[in-house]
Amino acid sequence: MAVIKANTEDVRLLARLMRAEAEGDGQQGMLLVGNVGVNRVLADCLDFGNIRDMNRMVFQNPGGFESTQKGYFYQRARQSEIRLAQRVINGERFWPASNSLWFFRPVGDCPATWYNQPNTGRFKAHCFFSPTGEDCPDVY
């Protein structure tokens, strides 16, 4: 059962985001980006208080995803990516993004914090950051 509301177009939108943000990090990297997206829809806190659906999450401005400004994001989602998106919508969570609301690709090492949120780990090129349960209980 889905942890957030998502129709077919929402699943495809998340799949496109996952591919555009992390295709170079493989399926696991795309699943981690998907976790961040789902967490942003779930989180009624911090920068994500008005983000209650997939479209608002993907196109949030400011604070959204850089890939939405590039042409690759607008290519059609493939079935493999759609299956990955459905997995995270259905509630599968993967460390270090299990409860993360942010990620980015640094030039060097991951900083200890980003936007005052602690680093939860790195997967290949991306560092992940999670709020505390006190700040954002809905992502836990």
Side-chain angles (χ1 to χ4, degrees):
M1 185 165 139
V3 295
I4 60 170
K5 288 183 181 180
N7 61 32
T8 301
E9 288 306 310
D10 293 331
V11 175
R12 289 182 178 143
L13 182 60
L14 181 60
R16 290 175 23 219
L17 178 71
M18 292 164 60
R19 178 193 60 221
E21 290 285 344
E23 184 176 42
D25 285 352
Q27 287 189 358
Q28 186 69 18
M30 289 189 282
L31 287 165
L32 296 172
V33 167
N35 278 162
V36 170
V38 168
N39 289 341
R40 287 183 178 190
V41 174
L42 288 171
D44 190 11
C45 62
L46 302 172
D47 296 333
F48 310 103
N50 294 322
I51 308 298
R52 299 281 65 86
D53 62 61
M54 195 69 66
N55 198 61
R56 285 185 182 162
M57 181 274 295
V58 170
F59 295 105
Q60 181 183 8
N61 188 12
F65 296 94
E66 192 176 299
S67 66
T68 62
Q69 299 170 15
K70 299 180 177 160
Y72 189 58
F73 170 79
Y74 293 93
Q75 293 180 11
R76 199 167 60 125
R78 297 176 282 221
Q79 283 303 310
S80 59
E81 296 147 2
I82 291 169
R83 284 191 296 273
L84 294 175
Q86 192 63 61
R87 287 175 62 186
V88 295
I89 289 169
N90 287 344
E92 287 189 54
R93 291 183 172 200
F94 303 92
W95 182 88
S98 307
N99 308 104
S100 294
L101 293 175
W102 302 272
F103 66 88
F104 82 103
R105 183 182 184 152
V107 175
D109 294 336
C110 296
T113 61
W114 199 44
Y115 293 106
N116 297 318
Q117 305 303 316
N119 174 270
T120 55
R122 181 180 197 133
F123 182 78
K124 295 189 179 183
H126 292 94
C127 302
F128 294 85
F129 300 85
S130 298
T132 65
E134 199 172 280
D135 286 338
C136 289
D138 292 336
V139 299
Y140 286 89

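Residue numbers start at 1 and run along the sequence shown.
No donor-acceptor distance shorter than 3.5 angstrom exists from the side chain of Arg105 to the backbone of Val107, with no hydrogens or angles considered. A donor-acceptor pair under 3.5 Å links the side-chain atoms of Tyr74 to the main chain of Thr68, judged by distance alone. One N or O on the side chain of Thr120 and one on the backbone of Pro96 form a donor-acceptor pair closer than 3.5 Å. In terms of modelled atom types and a separation under 3.5 Å, the side chain of Asn39 and the main chain of Leu101 share no donor-acceptor contact.
Of all non-hydrogen atoms in Thr132 and Gln117, the two that sit nearest each other are N-OE1, 3.9 Å. Counting all heavy atoms, side chain and backbone alike, Cys110 lies closest to Asn119 at CB-ND2, 3.4 Å. When every heavy atom of Ala43 is checked against every heavy atom of Asp138, the shortest pair comes out as CA-CB, 4.2 Å. Between Val41 and Asp53 the shortest heavy-atom distance is CG2-O, 3.9 Å. Between Leu46 and Cys136, the closest heavy-atom pair is CD1-SG, 3.5 Å. Taking both residues in full, the closest heavy atoms of Ala97 and Asn35 are given as O-CB, 3.5 Å, listed atom of the first, atom of the second, then distance.
You'll find the side chain of Met18 reaches within 4.5 Å of the side chain of Leu84, heavy atoms only.
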What's the verdict on side chain to side chain contact (heavy atoms under 4.5 Å, CB included) for Asn99 and Arg93, showing C-alpha distance, side-chain angles and the deciding distance?
-> CA-CA 8 Å; Asn99 308 104; Arg93 291 183 172 200; 2.9 Å; yes
Could you go step by step and tell me if Asp25 and Met30 meet the side chain to side chain contact (heavy atoms under 4.5 Å, CB included) rule?
-> CA-CA 7 Å; Asp25 285 352; Met30 289 189 282; over 6 Å; no
Quick one: do Leu13 and Glu9 satisfy side chain to side chain contact (heavy atoms under 4.5 Å, CB included)? Show the steps, please.
-> CA-CA 6 Å; Leu13 182 60; Glu9 288 306 310; over 6 Å; no
Could you give me the CA-CA distance, side-chain angles and deciding distance for Phe73 and Phe59, then say whether ring-ring contact (aromatic ring centres under 6.0 Å, His included) is met?
-> CA-CA 12 Å; Phe73 170 79; Phe59 295 105; 5.8 Å; yes
Kindly determine whether Asp109 and Arg122 satisfy salt bridge (charged side-chain N to carboxylate O under 4.0 Å, His left out), including the steps that lead there.
-> CA-CA 9 Å; Asp109 294 336; Arg122 181 180 197 133; 5.0 Å; no
List the steps, then state whether side chain to side chain contact (heavy atoms under 4.5 Å, CB included) holds for Met57 with Leu17.
-> CA-CA 10 Å; Met57 181 274 295; Leu17 178 71; 4.2 Å; yes
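The CD atom of Glu21 sits 8.0 Å away from atom NZ of Lys70, with the distance rounded to the nearest 0.5 Å. The CZ atom of Phe104 lies 12.0 Å from the CD atom of Glu66; values are rounded to the nearest 0.5 Å.
Partners of Phe123 under the ring pair (Phe, Tyr, Trp, His ring centres under 6.0 Å) rule, at least two apart in sequence or in another chain, do not exist in this structure. Every residue meeting the side-chain hydrogen bond (donor to acceptor under 3.5 Å, both in side chains) condition with Arg19, not counting sequence neighbours, appears here in chain and number order: Glu81. For the ring pair (Phe, Tyr, Trp, His ring centres under 6.0 Å) test, residues two or more places apart in sequence or in another chain that qualify with Phe48 are Trp102. By the side-chain hydrogen bond (donor to acceptor under 3.5 Å, both in side chains) test, Arg87 is found to be paired with Glu92, residues two or more places apart in sequence or in another chain being considered. Remark: Phe128 engages Phe103 in a ring pair (Phe, Tyr, Trp, His ring centres under 6.0 Å) (not counting sequence neighbours). Residues satisfying the side-chain hydrogen bond (donor to acceptor under 3.5 Å, both in side chains) criterion with Tyr140, sequence neighbours excluded, are absent altogether.
Under the 4.0 Å criterion applied to side-chain N and carboxylate O atoms, Arg78 and Glu23 are assigned as salt-bridge partners. Here Asp47 does not pair with Arg40 in a salt bridge; the nearest charged N to carboxylate O distance is not below 4.0 Å.
By the 6.0 Å contact criterion, CG on Asn50 is open, its count of non-hydrogen atoms from other residues, nucleotides or ligands being 12 or less. No more than 12 heavy-atom neighbours from other residues, nucleotides or ligands sit within 6.0 angstrom of CD on Glu134. More than 12 heavy atoms of other residues, nucleotides or ligands lie within 6.0 Å of CD in Gln86, so this atom counts as buried by the packing criterion. Enclosure of atom CZ in Arg56 is not indicated, since only 12 or fewer non-hydrogen atoms of other residues, nucleotides or ligands lie within 6.0 angstrom.
Using a 4.5 Å cut-off between side-chain heavy atoms of Ile, Leu, Val, Met, Phe, Trp and Tyr, with links allowed through other members, Val33 and Tyr115 fall into the same hydrophobic cluster. Linking ILVMFWY side-chain heavy atoms closer than 4.5 Å, directly or via other members, places Val88 and Trp95 in two distinct hydrophobic clusters.
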